[in-house]
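Okay, structure first, notes after.
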Amino acid sequence: MSTPVSITGQTRIVGIFGDPIVHTRSPAMQNAAFRALHLPYAYVPFHVRPADLANAVQAIRAYNLLGVNVTVPHKERIVRYLDDLSAEAKLCGAVNTVVNREGVLFGDNTDGRGFLASLQERGLSPQGRNVVIIGAGGSTRAVLVSLIRAGSTRITIANRTVAKARALVRAYRTLGDTQLETVSLNRLEDPILFSNAALVVNCTSVGLHGEAFPPLAFHATPRACLFYDLLYRPEQTSFLRQARAARRSTVDGRRMLLHQGALAFSLWTGQPAPLQDMTRALNRALRTA
Ligand code: ATR
């Protein structure tokens with residue numbers, strides 16, 4: 001357990017709203033950042049049940065919180081209670097960060113930008129690239145919007161329920177010049193699907209409990225293809241294990257978790273985030289979970 005931030009009369013609180021919330025690693029990461037930069041802020045978890053969300057948002061103003069992060073299951077529903085939204089938050093219909101601007105609550109979504117930052121640190125620019133996304137839930141939305149805005153050429157969305165993938169294509173067809181297509185999960189066995197892929201992203205929850213990933217033609221991807229699993233535990237999902245066995249590069253969801261948090265930190269503080277301190281704290285928190 002790391003030392004807590006010191007609380008004084010000048011401390012301002014940042015929170016995270018979720019239900020459940022006991023598993024969150026964000027307090028470790030954000031408090032490490034506040035400590036590293038000697039900022040008078042403290043980050044605390046708030047267990048907010050769905051029926052209490054409106055009151056909890058009101059409390060951001062009442063307690064003059066600096067802001068909050070928002071996690072499952074509130075990311076979509078909190079939108080209606082906020083005063084202003086960023087372009088990403090509007091496009092995704094979801095908010096993961098709220099900034100309290102003197103009582104005016106601004107909702108942003110740093111998930112997609114965090115995802116792009118984690119690609120950038122691996123030297124991958126999605127512009128002009130072909131991507132395969134597996135999954136069509138809430139996290140896919142942020143990834144998809146960010147890749148379209150970054151100028152990907154073609155994105156194939158594979159999902160168990162193909163109708164959900166089609167709904168995403170309908171929603172974002174006109175957002176950019178990216179060609180969007182949908183396929184069923186069994187098409188993941190087809191080598192042709194991957195012949196020009198620069199990036200394959202798992203946005204499903206398959207692997208969270210150690211389950212095997214559906215059959216996928218890992219070896220059919222170009223050697224430089226990056227396999228990205230949004231899950232951050234277990235570190236080695238079946239998806240990432242198989243990608244490594246095929247000698248492809250991999251990234252797990254800790255990098256997106258880190259960068260979405262770093263961007264939120266900058267929104268609240270106006271300062272660049274101390275990435276190394278946050279990385280260390282996040283890894284420590286995940287190890288001791
Ligand atoms: P998140 O917000 O993390 O994206 P979600 O919205 O619940 O979570 O989406 C979960 C994703 O994992 C969905 O794409 C889901 O597929 P369906 O749309 O068909 O439900 C996918 N998923 C979950 N369990 C799965 C399984 N056993 N096999 C294949 N896909 C699965």
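Quick note: numbers below take in every heavy atom, side chains included, and nothing from hydrogens, waters or symmetry partners. Read the numbers this way: they start at 1 and go in the same order the structure lists the ligands and their atoms.
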- Item | T97 versus N69, side-chain donor and acceptor atoms under 3.5 Å | yes
- Item | Within the protein, residues bringing a heavy atom under 4.0 Å of ligand 1, chain by chain | G135, A136, G137, G138, S139, N159, R160, T161, K164, L185, C203, T204, S205, V206
- Task: Can you see which heavy atom on G103 is nearest to which on D83, and at what distance?
- Result: O-OD2, 3.6 Å
- Query: What class does the angle between the rings of F17 and F46 fall in, given that below 30° is parallel, 30 to 60° is tilted and above 60° is perpendicular?
  - Reply: perpendicular
- Using 30° and 60° as the class limits, which term best fits the ring planes of W268 and Y43: parallel, tilted or perpendicular? tilted
- Task: May I ask you to decide if V104's main-chain N or O and R61's side chain share a donor-acceptor pair within less than 3.5 Å?
- Result: no
- Message: For the residue pair R12 and Y41, would you count it as a cation-pi contact if the rule is NZ or CZ under 6.0 angstrom from the ring centre and within 45 degrees of the ring axis?
- Response: no
